[in-house]
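Note sheet for the following structure.
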Protein chains: 2
Amino acid sequence: MSKRRITSKELAKLAGVSSATISRAFSPDSRIGSATRDRILAVAREYGYQPNAIARSLNNQRSRLVALVVNAIGNPCEAEEQQLLVHRLQARQLLPIILCCADHDDRLQLMRLASTYQVDHVVVFSDMVSMQDAVDIFHTTKPIIVSFEPLENENVSNIRIDGSAAADEIIDKIARDGKKRFAYLSGTKSSWIDKLRRKWFADALAKRGLSIEAEAFGDYSYDSGFKEAVLLLHRAKVDAIICGNDVMAIGARDAARRVLGKSTPTDIAIVGQDGIAMAAWDCNDLTTLSLDHVAFMDAVVELIECHEADLEGPHSITLTCTARWGSTA
Amino acid sequence: MSKRRITSKELAKLAGVSSATISRAFSPDSRIGSATRDRILAVAREYGYQPNAIARSLNNQRSRLVALVVNAIGNPCEAEEQQLLVHRLQARQLLPIILCCADHDDRLQLMRLASTYQVDHVVVFSDMVSMQDAVDIFHTTKPIIVSFEPLENENVSNIRIDGSAAADEIIDKIARDGKKRFAYLSGTKSSWIDKLRRKWFADALAKRGLSIEAEAFGDYSYDSGFKEAVLLLHRAKVDAIICGNDVMAIGARDAARRVLGKSTPTDIAIVGQDGIAMAAWDCNDLTTLSLDHVAFMDAVVELIECHEADLEGPHSITLTCTARWGSTA
DNA sequence: CTGCTTTGTGTATACGATTACACAAACGAT
DNA sequence: ATCGTTTGTGTAATCGTATACACAAAGCAG
């Protein structure tokens, strides 16, 4: 029943040493006799002693906490990456704090709250947060922010994603299949990453004298993909829809199939983005502009390690997307 | 550039008051003149001062950190719940630390690490961790553990889930449709929750003189559902498969369709469990034993609030599952 | 055996907030 | 005008650890 946790001072008494020695027993490279250390660790185990990380953080000025700013946990498009990152952080004895919020103001509030916990690193996945906000809120703790916005800021490291070649490849195939009228279904109205993705495809189309003829905005969810596709297909005669992510693409395909009775890729081509595992499921088999999530999260960890090692300045990594061919385009 | 965060003592000097007064300005119900408070808050905003949560936690003995022990983030079956819970925690100014690990030993290590951060609450979703382990590791901090294991322990609050009625309903329908030979595809070999779910269906079958004739074990993933279903259908002539979760059910359905050329529900009935959003997608339309995730997470929060309010003793809540009817059974 | 370095340990302080206690000023009632 | 209460603020201790510094013991070279 909630007995108070034993402190180093109390353990010191029990082990007949000073509290400083207790601390040293738990620090790998500190001057301490190996006999003393072994004895202390034994007594510690006996009494269930573990150094208090909160107190250590206060003293150290390092919390080993990492804030992860995300749009959503539930959406598979992000969840896969989050899972990979969380595992990698944990392997380094870093604990992830998830900041997840749909509403913009709440998100800033949340980031302010997390910043009071003196997080060592901040990973901003959410493209709704501007780099400037993130820098402002976290500037005092440790100013590395891993993000994907191509903004040059001395305190921000970022990862850039280039999908132009893969988008070109995909558009090439679809155009050669005879499709002529393209629609783009965005995930959000305001995010820059959505605009970037759209540009990859718009450029690929322009190269072939084509263009985005119809457009709609969803919220990265299946339901929005379904609904917007229905509306889109009713108001415009398009034979290809490029979607902002895979989940919306699945929704759009279901809409085309079910509501309009069209089949892919004969009647209409559907393209997703992200390359999540679900896209490759037999029932989906989506053609999608795919990002290597493992490489992506490795890059995030690389940036974090640069920061842990106190390497100065911003760092930048660029990743290239590839096309995953399915039966929808 | 990583300027040190300003402290209350420094701000005190700037505002011409003592650090105690600074602290009071940030504590809602403390004796402080409203003029002083306003002035301090203004100066604080100007210098970007925010009380250091780590220091406060050390003094308070309350970290406002919550450990969430989960099997996976990436699996949609859990992710939806996690998302709901994270939102609810954040609304209460509680920050969630995710502990996510497939491997059993790592998980215990991770829990030990989190416990050194003096988390206020622990929510154990992962059914691979025994209550005893959780109680042992977290007994010193705050001993409330919200879990689903029906174990009576004075320091553990739990949520029980009853799906027996819904399972009965589902089996009834399938049996009336003429299906006679049932298989059960488990999510894990060792978890008690999986055994519980299996029992609901086994009991419903027994009531009708039927039984589980074939069995297989997966890992809650699509791929394992697909693979195990193929093996299962090759070695046993079954016409219904009950799956440990929805994702495996989708895998099993794809296997039956694609590899065996069977269609649902005519040739074979497939049943999932969880009732995730994806199960209702047009392309899946799964029949599933569904749990109300909102009610579920509300229950978790209710237990946490009991604990925040220092209500003594363990608390227990029971939730009932319902059947969601789709086109797969 | 002397002087110097290394090793192991204790003492005391810092980390940045909260809060019990003390006390002065202001206020109200008689 | 006096006493008692309330209000606002400062002082100092506390939370649990890490570490700079001091110092004794031990090891070693000459």
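Just so it is clear, the structure is predicted and the values come from calculations on it, not from any experiment.
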Has the side chain of B/Glu80 got a donor or acceptor atom that lies under 3.5 Å from a matching backbone atom of B/Cys77?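 Not at all, since once roles are kept as given, no pair shorter than 3.5 Å links the two residues.
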Sidechain-backbone polar pair: A/His315 side chain, A/Cys306 backbone, donor-acceptor under 3.5 Å: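 No; judged by distance alone, with no hydrogens or angles, the pair does not exist.
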NA contact type, B/Glu10, heavy-atom cut-off 4.0 Å: base, sugar-phosphate, or nothing?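 Touches nothing.
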Below 3.5 Å, can you tabulate the donor-acceptor pairs from side chains in residues 46-54 of chain A to any protein atom, sequence neighbours excluded?
| from | atom 1 | to | atom 2 | distance (Å) |
| --- | --- | --- | --- | --- |
| A/Asn52 | OD1 | A/Ile54 | N | 2.8 |
| A/Asn52 | OD1 | A/Ala55 | N | 3.1 |

In whole angstrom, give the distance that lies between atom [atom1] of [X] and atom [atom2] of [N].
X: B/Asn52; N: D/dT14; atom1: CG; atom2: C1'; answer: 16 Å
X: B/Ile6; N: C/dA17; atom1: CD1; atom2: C1'; answer: 14 Å
X: B/Lys9; N: D/dA13; atom1: NZ; atom2: C1'; answer: 12 Å
X: B/Ile54; N: D/dT17; atom1: CD1; atom2: C1'; answer: 13 Å
X: A/Lys13; N: D/dG16; atom1: NZ; atom2: C1'; answer: 14 Å
X: B/Arg56; N: D/dG16; atom1: CZ; atom2: P; answer: 18 Å

Set of residues satisfying side chain to side chain contact (heavy atoms under 4.5 Å, CB included) with respect to [X], sequence neighbours excluded:
X: B/Asp292; answer: B/Val294, B/Ala295
X: B/Leu110; answer: A/Gln90, B/Leu99, B/Cys101
X: A/Ala72; answer: A/Asn75, A/Glu78, B/Gln83
X: B/Glu302; answer: B/Ile317

Under the salt bridge (charged side-chain N to carboxylate O under 4.0 Å, His left out) test, residues paired with A/Arg92 that sit two or more places apart: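 A/Arg92 satisfies salt bridge (charged side-chain N to carboxylate O under 4.0 Å, His left out) with A/Glu305 only.
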Test ring pair (Phe, Tyr, Trp, His ring centres under 6.0 Å) applied to B/Tyr220 - qualifying residues, sequence neighbours left out: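 In terms of ring pair (Phe, Tyr, Trp, His ring centres under 6.0 Å), with neighbours along the sequence ignored, B/Tyr220 is linked to no residue.
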Contact pattern, 5' to 3', of nucleotides 6-15 of chain C - B, S or - by protein heavy atom under 4.0 Å: -BBBBB--BB
Does OP1 or OP2 of C/dA17 have a side-chain N or O of A/Tyr117 closer than 4.0 Å?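 So the side-chain polar atoms of A/Tyr117 never come under 4.0 Å of the phosphate oxygens OP1 or OP2 of C/dA17.
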Estimated bend of the helix from C/dC1-D/dG30 to C/dT30-D/dA1 (axis per five terminal pairs, rounded to 10 degrees):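 Computed angle between terminal axes is 30°.
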